[in-house]
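Both counts, for ligands and for their atoms, begin at 1 and track the order of listing.
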Amino acid sequence: LGRKISPEEQPWCLDKVTGKVVISKGLENICIDKSTICYIDGFHSKLYYRGYSIEDLAKNSTYEETVYLILYGKLPTRRELNDFSGWMREERDIPREVVELLAKIPRDIEPMEMLRTAVSYLGNLDPGRHDMSLEGVMRKTIRLISKMPTIIAYWYRIRNGKETVYPDPRLNHAENFLYMMHGEKPEQILAKAMDVSFILYAEHEMNASAFTAVVIASTLSDYYSAIVGAIGALRGPLHGYANVEAMRQFDEIGSPENVDKWYQEYILTGKKRVMGAGHRVYKTYDPRAKIFREYAREFAERYGGRVKTYYQIADRLEGYVMKQLCETRNICTNCDFWSGIVYYAMGIPVDLYCAVFAAARTVGWSAHVVEYVTENRILRPRLYYDGEIEREYVLIENR
Ligand code: ACO
């Protein structure tokens, strides 16, 4: 028989005042570092990047400018922005080897799995892949942010048996993405909505995927490993893939009239969670959801059809969530509830939504990697050991 070890033998797990074991399951409310990148006020529906509110950025900024802001900590001058946007445009194209790889990847795999593979391979081809200096990481960040939409658009076209559309340097980041997807210049309102979606998804403090990136970087591993790890973390339905699952949930509901029945059958009984609702930090409405929701409403009116049906289902379901889950339990709709309808109006297939999210969020992941590694300490939490020690080893023939 072994021996169970007492809490006193694991003092690192004990509360200093009460002496009781403290488990921070999910690391809720644990601050692992200081940061100047992002502030979320989850009680007042506020989100700031480098001190600027998300509402101001969505209204007045562009993705390129927001990337500059997140990476360099200040708004650029016009000249700095021109240079920076030019750099991003120059980096859009992807190496021939990556295009060949995209052609070989099984067409029925999840786009996030494709992205993980393509980004990893891009890293293999980067001669500066082990350069973790500030300049080195910044250079890789700009390259990757610029190339990810190209990877997604090329993959989308390849899997549909269409010719890839080469990036157009005359177009901004968001316009160019839609252009590479569909082979024609997008309507201005759609390009603007895509630009805003990239801004809204660009950064969100120490979420699961950013944490994954920082954990990997904290071992002094390489940049691409950190980003590939973050892609893997974002791909889960409790995190970034919720924008795909939210759309599948609307499909399952089928029509606005079915919302009541579906809600009673699955949510009230606890059989399912509302996808695109609840958040570890927001205990009120997600400010990004408000902006996405407004675009979804506008597009439902403008385009009608399926976009309108999705909007009506979402609107009705949100009514239940806000009344029954948000008011009483602080489980309110989040950005992933609404973003999919906006992407759907742009003609983007549902399974790509998390990959689009990843393309935007790479900037946040990169900023956190840079910030953390600048004053690095390996991330290494503990577990409370609840098993036995000193068990007698019995030879296999005697078991
Ligand atoms: N629908 C119904 N009930 C919910 C939901 C939901 N969407 N989210 C949480 N709850 C309930 C849980 O069932 C649990 O109830 P219980 O105490 O009776 O067991 C309680 O609220 C607490 O849930 P936790 O999972 O402990 O909350 P946590 O903070 O760990 O999880 C999370 C946050 C993962 C986002 C959760 O709310 C969820 O699963 N939401 C659905 C998926 C989703 O939308 N994810 C996107 C998040 S935003 C982003 O990553 C971009």
Using protein heavy atoms only, decide if any is under 4.0 Å from [atom].
atom                    : value
atom 16 (P) of ligand 1 : yes
atom 44 (O) of ligand 1 : yes
atom 28 (P) of ligand 1 : yes
atom 22 (C) of ligand 1 : no

Verify whether one side chain among [X] and [Y] offers a donor that lies under 3.5 Å from an acceptor in the other.
X      : Y      : value
Tyr263 : Arg316 : no
Tyr52  : Thr66  : no
Ser146 : Arg89  : no
Glu9   : Ser6   : yes
Ser85  : Tyr68  : no
Ser133 : Asp131 : yes
Tyr303 : Glu298 : no

Cationic tip of Lys185 within the cone over Tyr179's six-membered ring, i.e. under 6.0 Å and within 45° of the normal? no
If you count the atoms of ligand 1 from 1 in the order shown, which ones are under 4.0 Å from a heavy atom of [X]?
X      : value
Gly276 : 43 (C), 44 (O)
Gly278 : 35 (C), 37 (O)
Pro237 : 42 (C), 45 (N)

Does any N or O atom in [X] lie less than 3.5 angstrom from one in ligand 1, N or O only?
X      : answer
Arg288 : no
Ala277 : yes
Val274 : yes
Ala242 : no
Arg329 : yes
Asn334 : yes
Arg280 : yes

About how many Å separate CZ of Arg107 and CD1 of Ile158, when rounded to the nearest 0.5 Å? 7.5 Å
To which protein heavy atom is atom 51 (C) of ligand 1 closest, and what is the distance rounded to 0.1 Å?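 For this ligand atom, the closest protein heavy atom is Asp336 OD2, 3.3 Å.
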Considering heavy atoms of the protein only, find what lies nearest to atom 5 (C) of ligand 1 and give residue, atom and distance to 0.1 Å. Ile331 CG2, 3.8 Å
Of the options Ile199, Asp336, Leu47, Val196, which is the one that meets Arg288 in a side-chain contact (heavy atoms from CB on, under 4.5 Å)? Leu47
Contact between ligand 1 and His204 is defined here as a heavy atom of the residue under 4.0 Å from a ligand atom; is it met? no
Say whether Phe357 and ligand 1 are in contact under the criterion: heavy-atom distance to a ligand atom below 4.0 Å.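 Per 4.0 Å heavy-atom rule, Phe357 contacts ligand 1.
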Is the CG atom of Leu383 crowded by more than 12 outside heavy atoms at less than 6.0 Å? no
Tell me whether Arg391 at atom CZ has more than 12 heavy atoms from other residues, nucleotides or ligands lying less than 6.0 Å away.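 Open: at most 12 neighbouring heavy atoms sit under 6.0 Å from CZ of Arg391.
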Of the choices Arg361, His279, Glu28, which has the non-hydrogen atom that lies closest to atom 48 (S) of ligand 1?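 Considering heavy atoms of Arg361, His279, Glu28, the nearest to atom 48 (S) of ligand 1 sits in His279.
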May I ask which of Gln324, His239, Arg273 has a heavy atom nearer to atom 32 (C) of ligand 1 than the others do?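 When every heavy atom of Gln324, His239, Arg273 is considered, Arg273 comes closest to atom 32 (C) of ligand 1.
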